[in-house]
Each structure stands twice: as C-alpha cells, then as structure tokens.
**Q** 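Below: one structure in structure tokens.
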Amino acid sequence: MTQSVVVQVGQCGNQVGCRFWDLALREHSHVNKKGIYDEALSSFFRNVDSRRRVGGSCDITGGRIQSLKARAVLVDMEEGVVNEILQGPLRELFDSTQLITDVSGSGNNWAVGHWTYGSAYREQIVDQLRRAAEHCDCLQCFFLIHSMGGGTGSGLGTCVLKLLEEEFPEVCRIVTSVYPSAEDDVVTSPYNSVLAMRELTEHADCVLPVENQSLVDIVNKIKHMSHSGKPGSVIKKDSAIISGQGGVSGAEKPFDAMNNIVANLLLNITSSARFEGSLNMDLNEIAMNLVPFPRLHYLVPSLTPLYTLADVNIPTRRLDQMFTDAFSKDHQLIRADPKHSLYLACALMVRGNVQVSDLRRNIERLKPMLPFVSWNQEGWKTGLCSVPPVGHSHSLLALANNTCVKPTFMELRDHFTKLYRKKAHMHHYLHVDGMEQACFTEAISSLSSLIEEYSQLDATKDRLMPDAARLNIAT
C-alpha cells in the first residue's frame, strides 16, 4: 500500500486541509467499524503509540488504532488558522513537528511569501517534508493545497512546490489551487496569481484549478434547493457536498461550505488510494494518462451528485444522469463549459456499487457529444472504488484535460495587464530582496505562452473529422 503527504500552505490551504482531514476521518469511521489500523487508513494517517515517545520509532504498523496522526505539513505565516486547528477537535491529528508558522503574514505579496519567507524557512520546511516522507513505506504523492490570490498561499506555496521537486523529483506532485473571483478584495491578487501560475506550470505534475466563484455558485444552488419548499426537493441529511456534519468539527464556520466542496474533490481523487475497488486508479496514473504535454497539466474537476434527495418515493438520479451531469458546466469547479472546447484526455473516478459495464456504456453514450483531439479519441482513464462517499450510493469525479481552462487564464492575464500597464503597486514587490521586474515579464510571458498552446489546440477542433464508416464485409 502506498502513502501520500498533504502539504497545506496559507490561510485557504489550511482551512481546506482541515475540512479534508475532518471528512476523511468521517469516511474511514463509517467504513472501519472495528477501530483497526488498516491499509486504507495508513495511506494518509500514521498510527502512533503516544506512550513511547523516547527512543526509536513510535509508529505502530497494525492492530487497534492508538492515536492517529495525519501525514501532513501545515505552513502559514500567520498563526490564526493553525492555532484554531490546534485548539479545535482535530488537534490530536497534528503535533508541533508538523507545523511551521510566523506571526506577521505575507501582506498579500507574492514576493514576500516566495522570497522572504521562502529563504527564511527553507531548511525548516525541507526538514519537515523529509520527516513526513521518512514515516512512509512507499511515498507516492504530495498533495499541495493553496490559494492563488494571497501572499503566503501563492508565494510560499509555489516555493514549497519547487522544494518538493528538488528534494523528491520522483514523487508525484498534485496541486489544488483556489483561484480568486473577479470581485476579489485583494487588489494585488492578479499579480500574485500570474506569478504563481508560472511556478505551477513549470514545477507541478498536475494542477486542479478551483474558482471561488464556482464554489459560491454551487453553495447557492444547493441552499436554494434546500429552501425552495417544493415537494420532493428535501435534501437527505448530510448528503450535500457542502455539508460537513457527521465529521469531528462542531459548528460550521464561514467558508466551510465552500471548503467542503474542495475537500470532497480531494476525498474522491484519493479514494482509490484509500479503499479497494475492481478498477483502482493509481495516483501516478493521473498524470501519466491525462497529461500529453508537460505544461498542459491543468485538469478541470467536476463532482456529482451535489446532493441526494431525502424523499424515498422519488427515484434516485439514474446512474446515467450522474455521468451526464459530470460534463455539464453547473458541476465544474471552474466556470467553464468543456463540451464546447477540446478534450485532450479525461478521467472518470467512480465510487460505489457501479459495474465496469455501466462505465463503458456511459462512455460510449457520451463520446459523440464530447470533442476529443484527433490523435487521442480513446483518451479515457477510468477508476472504480467500491466504497461510496458517506450519504450517497455512488458518486463521480471527472478530471478533464480540456482547453476550456483558457478563458480563465485569459481573464487572469487581462486583470494583471490592467495593473501592470500602470505599474500600480509594483514597488511593494520590487523592494523585496530577490524580486526583480524580470519576474513579472517572465511570468506574463509564461502565461501568454500557455494560452497560445491551448489556442493552437483549439484551432484543430474545427478540423476534426468524424470516424470513417467501417467497411461491411460481405458474407
């Protein structure tokens, strides 16, 4: 069995990470009724004998659960969120050797996070990463969670990404990046996002882009549904993707609903690593099968179902409907419509009592509606995990390597250019040791080059030819 380490950086990264650990515990406790430390738990948790602190390792490889510790490193240059975690119901999951904090924050400045704190905390971060890796028998993947708009998440987060590549070049790096909405209250977020984009493009194996606005839209849709009062529209308790109830944490905090969506994305992408299934998908296979060109590794995630209806008299959404929903824009975690763009490849990660034949039937049904590049018409990767999410009979995570990410990147470039043309706020960045104006020009050049690569692929869409009719052999 393989293990993975979660690295959560900045306020957003730590809040999302907190929701992931909470919901992962809920999921494992739902399946693991006997309290045995099994392979499923070992993928993201250590089992520690807290009585044996002195001398040797205190990890326990089997038997009953003693004290679970998350395979995680928590980094934030403000103490607030990490202190909340340490004072909350998840405090036993972490110890002081997993935490790296400061008090002053990065002031929404990528350069401060990347250069100032990156150099000041480099050795400490590397030490914590190595320690987390040493606790793994077979380290398969680092999951980095951060946001793009602030200073610590974008700046220090991408610095950590480079350190992961330097220290563990053979270990897969999957990054979940939360992109700011157009109405973001951080004036410098376009700078921070574009500077971070260059690092993500150069150093990540896969990036799962998530837009704040999409999360807001999904939360509002579910809340509207639950308050509509229409017959048959009552949502089953704890089944909504925004629900964190049933986990360890108590009262819901602001942004928990949005963060729960991202946490569910991580739960589903790791389900094959944590549970058995008839068609398990290795985490390394995601990049291997979905990334045909190294820079084009941005995978658009979509989740379904968003909730389950409580009324048993109303039939649950048919399995086929779940597959259809996964390709509709209402279920994407960025504002995009993949059906009207070009697919390079697509992964379907299904959970629950679903047969391989159901999977194949739906792929054949959907294929004519989804434009794939001519050289990868069979570009599907599938995974089946037998354990469904709590509150559902089945679920589906789709990861699409699709040119529909291009408008998001173009919008980001436009916002950057408006500030950069006036050289607004640039002095805050250029005063930081290590930061030069060339960083800006190289970052926007990298982003423009990425957009152009997507445009070139998009241009081939109109030239896609339908399959030639098969020859009928006379008998």
**Q** Check whether the side chains of His114 and Thr158 place a donor and an acceptor atom closer than 3.5 Å, and report yes or no.
**A** yes
**Q** Would you check if Leu23 and Asn260 make a side-chain contact, meaning some heavy-atom pair closer than 4.5 Å?
**A** yes
**Q** Does the pair Glu202 and Arg295 meet the rule for a salt bridge (charged side-chain N to carboxylate O under 4.0 Å, His left out), with working shown?
**A** CA-CA 7 Å; Glu202 298 298 325; Arg295 285 165 54 86; 3.2 Å; yes
**Q** Any side-chain donor paired with an acceptor under 3.5 Å for Gln321 and Asp325?
**A** yes
**Q** How are the rings of His28 and Phe275 set to each other: parallel, tilted or perpendicular (split at 30° and 60°)?
**A** tilted
**Q** Should we say atom CG of Asn353 is surrounded by more than 12 heavy atoms from elsewhere, each under 6.0 Å from it?
**A**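 Atom CG in Asn353 is not crowded, with 12 or fewer foreign heavy atoms closer than 6.0 Å.
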**Q** Taking atom types as modelled and ignoring hydrogens, do the side chains of Asp330 and Ser328 form a donor-acceptor contact shorter than 3.5 angstrom?
**A** no
**Q** Report yes or no: does Asn47 contribute a side-chain atom to a donor-acceptor pair with the main-chain N or O of Arg64 at less than 3.5 Å?
**A** yes
**Q** I'd like to know if the side chain of Ser386 reaches the main chain of Glu276, judged simply by a donor and an acceptor atom lying under 3.5 Å from each other, with no hydrogens or angles considered.
**A**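 Pair found, side chain donor or acceptor close to backbone of Glu276.
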**Q** Using the ring of each side chain (for Trp, its six-membered ring), is Tyr454 parallel, tilted or perpendicular to Phe409, with breaks at 30° and 60°?
**A** tilted
**Q** Verify the distance criterion only: is there a donor paired with an acceptor across the side chains of Asn376 and Tyr343 at less than 3.5 Å?
**A** no
**Q** Counting neighbours of NZ on Lys329 that are heavy atoms of other residues, nucleotides or ligands and sit closer than 6.0 Å, is the number greater than 12?
**A**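 Open: at most 12 neighbouring heavy atoms sit under 6.0 Å from NZ of Lys329.
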**Q** Side chains of Ser445 and Arg198: do they bring a donor and an acceptor to under 3.5 Å?
**A**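 Side-chain D/A pair, Ser445 to Arg198: absent.
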**Q** Answer whether the closest heavy-atom distance between the side chains of Leu161 and Val7 falls below 4.5 Å.
**A** no
**Q** Between Asn362 and Asp320, is there a side-chain donor-acceptor contact under 3.5 Å, judged purely by atom types and distance?
**A**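 Per modelled atom types, Asp320 and Asn362 side chains form a pair under 3.5 Å.
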**Q** Tell me if the CD atom of Glu166 is crowded by more than 12 foreign heavy atoms within 6.0 Å.
**A** yes
**Q** Going by atom types only, do Ser4 and Arg71 share a side-chain donor-acceptor pair under 3.5 Å?
**A** no
**Q** I'd like to know if the side chain of Asp49 pairs up with that of Gln66 as donor and acceptor (distance under 3.5 Å, no hydrogens or angles considered).
**A**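 Gln66 and Asp49 do not have a side-chain donor-acceptor pair below 3.5 Å.
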**Q** Is Asp127 salt-bridged to Arg130, cutoff N-O under 4.0 Å?
**A** no
**Q** Going by atom types only, do Gln213 and Asp217 share a side-chain donor-acceptor pair under 3.5 Å?
**A** yes
**Q** Under a plain distance cut-off of 3.5 Å, with no hydrogens placed, do Asp458 and Thr403 share a side-chain donor-acceptor pair?
**A**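 On atom types as modelled, these side chains qualify, holding a pair under 3.5 Å.
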**Q** Run through Asn402, Val300, Val405 and flag the one making a side chain to side chain contact (heavy atoms under 4.5 Å, CB included) with Ser341.
**A** Asn402
**Q** Does the separation of the ring centres of Phe293 and Trp375 fall below 6.0 angstrom?
**A**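 Yes: the rings meet the under 6.0 Å criterion.
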**Q** Can Gln15 and Asp256 be counted as having a side-chain donor-acceptor contact under 3.5 angstrom?
**A**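 Note: Gln15 and Asp256 side chains miss the donor-acceptor criterion.
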**Q** Tell me whether Glu452 is salt-bridged to Lys406, with the criterion being a basic N under 4.0 Å from an acidic carboxylate O.
**A** no
**Q** Do the ring planes of Trp110 and Trp115 sit parallel (below 30°), tilted (30 to 60°) or perpendicular (above 60°)?
**A** perpendicular
**Q** Would the Phe44 and Phe20 ring centres measure less than 6.0 Å apart?
**A** yes
**Q** Count the heavy atoms of every other residue, nucleotide or ligand shown that sit under 6.0 Å from CZ of Arg360, and state whether that count exceeds 12.
**A** no
